[in-house]
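Count residues from 1 along the sequence.
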Amino acid sequence: MKTLYLECNMGAAGDMLMAALTELMPDKDAFVKELNDLQIPQVNIERTTIAKCGIMGTHMVVTVNGEEEKSIDVPMHAHTHSHEGHTHAHGHSHHHTSMKDIEHIIGHLNVPEKVKEDAIAVYKLIADAESHPHGRPVEEVHFHEVGALDSIVDIIAAAACVDNLGVDEVIIPALWEGEGT
């Protein structure tokens, strides 16, 4: 039985998890080529080496239309929200990707069924967690940042690494919530 043990003392960003898992692959460059061969429209994945505070590490760069996803301007959408008896409208920019959209995207990728199942299971967990505070059924949950193409690639890559490595069990002793100012 092969076990993957992850220390996530500072959380688990998708690109960092993808980079760490890619480092376990016997042929890292071939694996990145496999990811690019999935031909997710306008997506490119690159493995680079960076130094931070004098320590070398792997950095995975996912670009969409030649730009890192988080820097792409998404058209403004107007929304109306109701809060305790009053309604207000405001505009903001972000992705609106439903669970059905995610299942469609992942379902059409040329990856093993186990990878698809694992990636969709991750999104189902997120949708279930999001449905509670929003008071909406899972089917009505819309993913914002995690519905972006770079996040989908992060999750597919992690699932593909686990599958390619033949991992039977993943142990994460504690997952700490990040904080920021």
Side-chain angles (χ1 to χ4, degrees), residues 1-8 10-47 58-64 69-70 94-178:
M1 180 147 131
K2 207 178 239 188
T3 301
L4 175 64
Y5 182 89
L6 298 172
E7 282 283 338
C8 299
M10 304 302 278
D15 60 336
M16 292 177 180
L17 184 59
M18 180 175 31
L21 292 175
T22 300
E23 281 301 306
L24 298 174
M25 300 303 293
D27 188 340
K28 297 157 192 54
D29 293 329
F31 180 71
V32 173
K33 183 180 180 325
E34 283 178 35
L35 292 174
N36 281 310
D37 287 346
L38 293 177
Q39 298 178 358
I40 301 171
Q42 297 93 31
V43 171
N44 184 60
I45 302 137
E46 183 181 354
R47 181 178 157 270
T58 296
H59 178 64
M60 300 299 285
V61 179
V62 178
T63 56
V64 179
E69 178 87 12
K70 291 172 181 74
H94 55 252
H95 298 271
H96 288 281
T97 310
S98 70
M99 189 66 212
K100 191 173 185 173
D101 296 331
I102 296 292
E103 289 172 338
H104 177 79
I105 292 166
I106 293 172
H108 284 83
L109 294 177
N110 186 23
V111 294
E113 285 304 311
K114 177 72 172 128
V115 172
K116 291 177 187 181
E117 290 169 12
D118 288 349
I120 289 171
V122 167
Y123 274 101
K124 285 183 177 177
L125 286 170
I126 296 168
D128 186 52
E130 287 286 323
S131 73
H132 296 290
H134 293 289
R136 301 253 184 244
V138 169
E139 301 78 35
E140 292 180 20
V141 168
H142 283 93
F143 300 104
H144 300 283
E145 186 174 312
V146 295
L149 284 175
D150 68 327
S151 295
I152 294 170
V153 168
D154 293 344
I155 292 170
I156 285 290
C161 283
V162 168
D163 184 61
N164 285 349
L165 292 168
V167 172
D168 300 301
E169 176 184 39
V170 178
I171 297 174
I172 303 172
L175 185 59
W176 299 96
E177 184 178 335

Qualifying salt bridge (Lys or Arg N to Asp or Glu O under 4.0 Å) pairs, either residue in residues 163-173, two or more places apart: none
Are there more than 12 heavy atoms of other residues, nucleotides or ligands under 6.0 Å from atom NZ of K114? no
Which atom of A157 lies closest to which atom of F31, heavy atoms considered: O-CZ, 3.8 Å
Polar contact flag, side-chain donor to acceptor under 3.5 angstrom, S151-D154: no
Could you walk me through whether M60 and V153 pass the side chain to side chain contact (heavy atoms under 4.5 Å, CB included) check? CA-CA 11 Å; M60 300 299 285; V153 168; over 6 Å; no
I would like to know whether K100 and E103 meet salt bridge (charged side-chain N to carboxylate O under 4.0 Å, His left out); could you show each step before the answer? CA-CA 5 Å; K100 191 173 185 173; E103 289 172 338; over 6 Å; no
Considering non-hydrogen atoms only, spot the tightest contact between A127 and M99 and give its length. CB-SD, 4.3 Å
What is the distance from atom CG of L109 to atom CG of L35, rounded to the nearest 0.5 Å? 10.5 Å
Check salt bridge (charged side-chain N to carboxylate O under 4.0 Å, His left out) between D15 and all other residues, then give those that pass, not counting sequence neighbours. none
Side chain to side chain contact (heavy atoms under 4.5 Å, CB included) between L4 and V162, worked out: CA-CA 8 Å; L4 175 64; V162 168; 4.2 Å; yes
Can you name the nearest heavy-atom pair linking P137 to S131, along with the distance? C-CB, 4.1 Å
Residues I45, L38; criterion side chain to side chain contact (heavy atoms under 4.5 Å, CB included); working and verdict: CA-CA 11 Å; I45 302 137; L38 293 177; over 6 Å; no
Quick one: CD1 on I40 to CD1 on I105, what's the gap to the nearest 0.5 Å? 8.5 Å
Measuring from I106:CD1 to I156:CD1, what's the distance to the nearest 0.5 Å? 4.5 Å
Let me confirm one number: the CG-CD1 distance from L125 to I120, rounded to the nearest 0.5 Å. 12.5 Å
Interatomic distance, NZ@K2 vs CG@L165, rounded to 0.5 Å, equals 6.0 Å
Report the C-alpha separation of E23 and R47 in whole Å, then their side-chain angles, then the decisive distance to 0.1 Å, and conclude whether the side chain to side chain contact (heavy atoms under 4.5 Å, CB included) test is met. CA-CA 10 Å; E23 281 301 306; R47 181 178 157 270; 3.3 Å; yes
Heavy-atom nearest pair, A159 first then A119, reads CB-N, 4.3 Å
Going by side chain to side chain contact (heavy atoms under 4.5 Å, CB included), V43 matches just one of L149, I152, D150. Which one? L149
Here the salt bridge (Lys or Arg N to Asp or Glu O under 4.0 Å) pairs for residues 35-46, sequence neighbours left out, are K33-D37
When rounded to the nearest 0.5 Å, the distance separating NZ of K28 from CG of L21 is 12.0 Å
Above 12 or not: heavy atoms from other molecules or residues under 6.0 Å from CE of M16? no
